Q: 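Dropping a structure here in structure tokens format, bear with me for questions.
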Amino acid sequence: NAGVTQTPKFQVLKTGQSMTLQCAQDMNHEYMSWYRQDPGMGLRLIHYSVGAGITDQGEVPNGYNVSRSTTEDFPLRLLSAAPSQTSVYFCASSDSLRGNTIYFGEGSWLTVV
Amino acid sequence: GENVEQHPSTLSVQEGDSAVIKCTYSDSASNYFPWYKQELGKRPQLIIDIRSNVGEKKDQRIAVTLNKTAKHFSLHITETQPEDSAVYFCAASYYGGSQGNLIFGKGTKLSVKP
């Protein structure tokens, strides 16, 4: 049982490039989400999903796309990377949306130059 | 939408003293309030949570209190130890259009001096 697995752990991108951050969970959780963490800003919700085939926007969705084709996987796509997207990204999952423990992945450090 | 304010942003205490971190939330519909601890370079980890039908919850040296009328909740750490040094985040579930997603405060950096 690996929990929530994110890849890559570190990535450097050039402005304008696209990439996908991978997230997988093996706990059969319905709920998955992506947060970004910036110094002094806490964790801000980018996108979330309440089940396969269902996604929705969070607080800061611009510049990111998501899809949920399976219960296990929830990739985050950066369409055209910008320096403002330099951040630490955390994927998270929970077995329900209302008040159950949210488990975070180890994080992905992204730098856009 | 929901907004969570967290204070103080930094807190320094001597080993053995108590530490208190306070959060306020704006949406009276919120009913789940977890606290996360994040060590440098690591993921946030849940340390304690409280639901709106409970006023206080304890787990060894950690306790959380909730005042629904005032819309604030607090984390109390007693007998602090150097390993308590970390960034602590409060959060609230927001039951608006986002259907219960956690909204986080901006964090408190706790330093425990030996």
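Letters A, B, ... mirror the listed sequences (proteins, then strands); counts begin at 1. Computed from a predicted structure; not experimentally measured.
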Q: Nearest 0.5 Å, what's the CD-CD1 distance between Glu59(A) and Ile103(B)?
A: 4.0 Å
Q: Could you tell me whether the side chain of Tyr36(B) reaches within less than 4.5 Å of the side chain of Ile102(A), counting heavy atoms only?
A: yes
Q: Are Met32(A) and Val50(A) connected, step by step, through hydrophobic side chains (Ile, Leu, Val, Met, Phe, Trp, Tyr) whose heavy atoms are closer than 4.5 Å?
A: no
Q: Can you measure from OH (Tyr103(A)) to CZ (Arg43(B)) and round to the nearest 0.5 angstrom?
A: 11.5 Å
Q: Identify which part of Phe33(B) has an atom lying under 4.5 Å from any heavy atom of chain A, answering side chain, backbone, both or neither.
A: neither
Q: Heavy-atom pairs under 4.5 Å with chain A - which of Gly105(B), Gly41(B), Ala91(B) has more of them than the others?
A: Gly41(B)
Q: Going hydrophobic residue to hydrophobic residue with side-chain gaps under 4.5 angstrom, can you get from Ile62(B) over to Val13(B)?
A: yes
Q: Quick one: what part of Phe90(A) sits under 4.5 Å from any heavy atom of chain B, side chain, backbone, both or neither?
A: side chain
Q: Please indicate whether Ile54(A) has more than 12 foreign heavy atoms, meaning atoms of other residues, nucleotides or ligands, lying under 6.0 Å from its CD1.
A: yes
Q: Do any of residues 34-43 of chain A have a heavy atom less than 4.5 Å from a heavy atom of chain B, and if so, which, in residue order?
A: Tyr35(A), Gln37(A), Gly40(A), Met41(A), Gly42(A), Leu43(A)
Q: Are Phe10(A) and Leu40(B) connected, step by step, through hydrophobic side chains (Ile, Leu, Val, Met, Phe, Trp, Tyr) whose heavy atoms are closer than 4.5 Å?
A: no
Q: Please indicate whether Glu83(B) has more than 12 foreign heavy atoms, meaning atoms of other residues, nucleotides or ligands, lying under 6.0 Å from its CD.
A: yes
Q: Would you find more than 12 non-hydrogen atoms of other residues, nucleotides or ligands less than 6.0 Å from Glu79(B) atom CD?
A: no
Q: Could you look at Gln6(B) and say if it's the side chain, the backbone, both or neither that has a heavy atom under 4.5 Å from chain A?
A: neither
Q: Is Tyr64(A) reachable from Leu13(A) through a run of hydrophobic residues whose side-chain heavy atoms are each under 4.5 Å from the next?
A: yes
Q: Around atom NZ of Lys37(B), are there more than 12 heavy atoms from other residues, nucleotides or ligands closer than 6.0 Å?
A: yes
Q: Against chain A, label Pro44(B) side chain, backbone, both or neither, depending on which of its atoms sit under 4.5 Å from a heavy atom there.
A: both
Q: Determine whether more than 12 heavy atoms belonging to other residues, nucleotides or ligands lie under 6.0 Å from atom NZ of Lys9(A).
A: yes
Q: Determine whether Tyr48(A) and Leu78(A) fall in the same hydrophobic cluster, where Ile, Leu, Val, Met, Phe, Trp and Tyr are linked whenever their side-chain heavy atoms lie under 4.5 Å apart.
A: no
